[in-house]
Amino acid sequence: MTPAARVTRAPRVTGGFVALALGAVLLAGCAPSGTPAASSTDVANQGYQSGDGSTRTWAVADRSEPVTLAGTDFAGTAQDLTAWRGDVVVLNSWYAACPPCRAEAPDLVALANDYAARGVHVLGINGTDDVGAAQAFERTFAIPYPSLADTGGHAIAALQGAVPVQAVPTTVVLDREGRVAARILGLADPSTLRGLVDDVLAESADSAAPASGATAGATATP
């Protein structure tokens, strides 16, 4: 991990024994049936961490090349990240029977609705469900954003080139150039996710600000 990257832990679940047990299920992240669990060697060799809600961010100078990702959503519409260059994008892997995916869905819906006017897009990636199961999930939670039908694994493979996404759910924030700026493994805490999106949105404002010592409207001295 570079010095610019930082890892934080999601807030600890409190309450009685039942709440603790439920929290452990929701925070752990899950894998589709038939997908092997990550081993300790994943951490050493691939930078993989268990889906415990941990967050990692990348400084602007340490980010990879822009992510190239395209496919068809469950409505049969083509989706391509290049159409959203210049905007912040939130990617979220999910499938309908995944408990933490269901738990975080209302927060992702709220984020998509609240940030749409600020040029933030949300795109789901589902490599497990058929059209019926995926669309039932979308109707249940009134999902306003598209999700790629990725049973062939092409979208996840493209994203893996920039950031490990073995845990489901995984949420990735892309900056305005399409580069990975942050990642949450497992259930995304809504305030943490919004903070990450706000930070990436603020980068553009920072880059547009006058340099230190400069005055707006100043002219160069001959």
Could you walk me through whether Asn92 and Glu104 pass the side-chain hydrogen bond (donor to acceptor under 3.5 Å, both in side chains) check?
CA-CA 10 Å; Asn92 175 258; Glu104 70 181 7; 2.9 Å; yes
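- Remark: side-chain polar atoms of Asp130 are paired, donor with acceptor, to backbone N or O of Ala133 under 3.5 angstrom.
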*Show your working on side chain to side chain contact (heavy atoms under 4.5 Å, CB included) between Val109 and Val122 and close with a plain yes or no.*
CA-CA 9 Å; Val109 168; Val122 180; over 6 Å; no
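- Here Gln79 contributes atom CD and Leu148 contributes atom CG; the two are 6.5 Å apart, rounded to the nearest 0.5 Å.
- The two residues Ile156 and Ser93 have their closest heavy-atom pair at CD1-CB, 4.5 Å.
- Glu203 has no carboxylate O lying under 4.0 Å from a charged side-chain N of Arg179, or vice versa, which leaves the two without a salt bridge.
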Checklist line | side chain to side chain contact (heavy atoms under 4.5 Å, CB included) between Val197 and Val90, worked out | finding: CA-CA 8 Å; Val197 172; Val90 177; 3.9 Å; yes
### Message
Please determine whether side chain to side chain contact (heavy atoms under 4.5 Å, CB included) holds for the pair Leu174 and Leu81, giving the CA-CA distance in whole Å, both sets of side-chain angles, and the decisive distance to 0.1 Å.
### Response
CA-CA 10 Å; Leu174 304 181; Leu81 284 186; 3.8 Å; yes
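- Remark: Asp114 pairs with Arg194 by the salt bridge (charged side-chain N to carboxylate O under 4.0 Å, His left out) rule, at least two apart or across chains.
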Assess whether side-chain hydrogen bond (donor to acceptor under 3.5 Å, both in side chains) is satisfied between Tyr145 and Asp73, documenting all intermediate values.
CA-CA 10 Å; Tyr145 52 85; Asp73 65 25; over 6 Å; no
Steps toward side chain to side chain contact (heavy atoms under 4.5 Å, CB included) verdict (Val173, Ile184)
CA-CA 9 Å; Val173 180; Ile184 301 174; over 6 Å; no
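- Hydrophobic cluster membership for Val131: Phe74 (Ile, Leu, Val, Met, Phe, Trp, Tyr linked by side-chain heavy atoms under 4.5 Å, directly or transitively).
- Closest heavy-atom contact between Pro169 and Pro100: CD-CG, 3.6 Å.
- Heavy atoms only, all atoms of each residue included: Ala97 and Pro99 are closest at O-CD, 3.2 Å.
- Contact record, Leu69 with Ala155: CD1-O, 3.7 Å, taken as the closest heavy-atom pair.
- For the pair Asp87 and Gly119, the tightest heavy-atom approach, listed with the atom from each and the gap, is CB-O, 2.9 Å.
- The environment of Gln160 atom CD is dense: over 12 non-hydrogen atoms of other residues, nucleotides or ligands sit within 6.0 angstrom.
- One distance of note links CG of Leu193 with CG of Asp198; it measures 9.5 Å at 0.5 Å rounding.
- Here CG of Asp107 is found 8.0 Å from CG of Asp189. Values are rounded to the nearest 0.5 Å.
- In this structure, CG on Leu187 lies 10.0 Å from OG1 on Thr192, to the nearest 0.5 angstrom.
- Although no hydrogens or angles enter the test, the distance criterion places a donor-acceptor pair under 3.5 Å between the side chain of Arg102 and the main chain of Ala96.
- Between Trp94 atom CH2 and Asp129 atom CG the span is 5.5 Å, to the nearest 0.5 Å.
- Across all non-hydrogen atoms, the minimal contact from Asp175 to Arg63 is OD2-NH1, 2.9 Å.
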